Amino acid sequence: MQRYFSLADCDVVGFDLDHTLCRYHLSQSARLIYDSFAQYLVTEKGYDKDLLTLAPDSLDFCCKGLVLDIEEGNFLKLAEDGTVLRASHGTKSMTNEELLETYGRREWKHFNTVSEMVSRSAKYYLYDNYFDLPGALLCARVVDSLDQHDGQKKYDFWKDMVAAVQHNYKISAFKDEVFNKESEEPEVKGEADR
């Protein structure tokens, strides 16, 4: 058995969007992902341009295991047993009273276990990987924007968010938009063949 591993000795290297052979620079990749999703929503779907401006500490909102209640615009952080640890409406923290009024007791009624929860359902979405997690912040900011401008109570932005994800994670988006154009981000300059 060889003592050292070299990628030069490999004929094929496989990657997926969550388990790669590289170490992520999470803050840079999260910002890049957020910006690309937000740019799509603003330019293609007509959302408020304020979504393009992001305070440096805004990404602190993102953590694995957030559940988005798509119709209500609420985010739940659950414990392993389904207890709601905290919740927010958009980016605004919900009080215990608001939480009880909206979801009842502290154990979320739609929970079996996080590992059994269907992460892609029609009503709820589980943010469980680094490649869609910046979308949680964007969705929360969309809710804030819709509340501020339209006073909505039920939300219908999810189809646009799915379109943004699909647009940004198609192969041509990586090749054409990231690798072949000059970028302000030095970590994304490069060649598509590499």
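Source: prediction; values computed, not measured. Here, residue 1 is the first one in the sequence, and each next residue gets the next number.
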- Task: Please report the C-alpha distance between D35 and L52 in whole Å, then the side-chain angles of each, then the deciding distance to 0.1 Å, and finally whether the side-chain contact (heavy atoms from CB on, under 4.5 Å) criterion is met.
- Result: CA-CA 7 Å; D35 288 345; L52 299 174; over 6 Å; no
Search all heavy atoms of [X] against all heavy atoms of [Y] and return the closest pair with its distance.
X: L66; Y: A136; answer: CD1-CB, 4.2 Å
X: P134; Y: C62; answer: CA-SG, 4.0 Å
X: L133; Y: C63; answer: CD1-O, 3.4 Å
X: A38; Y: L138; answer: N-CD2, 3.6 Å
X: A163; Y: K45; answer: CB-CE, 4.2 Å
X: L76; Y: A87; answer: CD2-CB, 3.6 Å

- Message: Please determine whether side-chain contact (heavy atoms from CB on, under 4.5 Å) holds for the pair E71 and K123, giving the CA-CA distance in whole Å, both sets of side-chain angles, and the decisive distance to 0.1 Å.
- Response: CA-CA 7 Å; E71 293 175 359; K123 180 143 170 60; 3.6 Å; yes
Euclidean distance, [Y] [atom2] relative to [X] [atom1], rounded to 0.5 Å:
X: R31; Y: S58; atom1: CZ; atom2: OG; result: 8.0 Å
X: K64; Y: K77; atom1: NZ; atom2: NZ; result: 10.0 Å
X: Y40; Y: M161; atom1: OH; atom2: CE; result: 11.0 Å
X: H167; Y: L41; atom1: NE2; atom2: CG; result: 10.5 Å

Does [X] use its side chain to pair, donor to acceptor, with the backbone of [Y] at less than 3.5 Å?
X: S36; Y: I33; result: yes
X: T43; Y: Q39; result: yes
X: E98; Y: T95; result: yes
X: D128; Y: G65; result: no
X: R141; Y: D50; result: yes
X: S88; Y: T91; result: no

- Examine L78 and L100 and state if one hydrophobic cluster contains both, with Ile, Leu, Val, Met, Phe, Trp and Tyr joined whenever side-chain heavy atoms are less than 4.5 Å apart.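 Not linked; separate clusters.
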- Give the intermediate values and the outcome of side chain to side chain donor-acceptor pair (under 3.5 Å) for residues D132 and Y125. CA-CA 11 Å; D132 65 358; Y125 186 85; 2.2 Å; yes
- Worked check of side-chain contact (heavy atoms from CB on, under 4.5 Å) between F75 and C139: CA-CA 10 Å; F75 288 84; C139 286; 3.8 Å; yes
Report yes if some heavy atom in the side chain of [X] is under 4.5 Å from a heavy atom in the side chain of [Y]; otherwise report no.
X: F37; Y: L32; result: no
X: S27; Y: L59; result: no
X: V84; Y: L99; result: yes
X: L137; Y: L54; result: yes

- Establish, yes or no, whether a centroid distance under 6.0 Å links the rings of H89 and Y155.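 For H89 and Y155, the ring centres are under 6.0 Å apart.
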- Using the benzene-type ring in the case of Trp, are the ring centres of F157 and Y47 under 6.0 Å apart?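 No, the ring of F157 stays outside the 6.0 Å limit from the ring of Y47, centre to centre.
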- Derivation and outcome, side-chain contact (heavy atoms from CB on, under 4.5 Å), residues L68 and Y124: CA-CA 5 Å; L68 168 60; Y124 303 103; over 6 Å; no
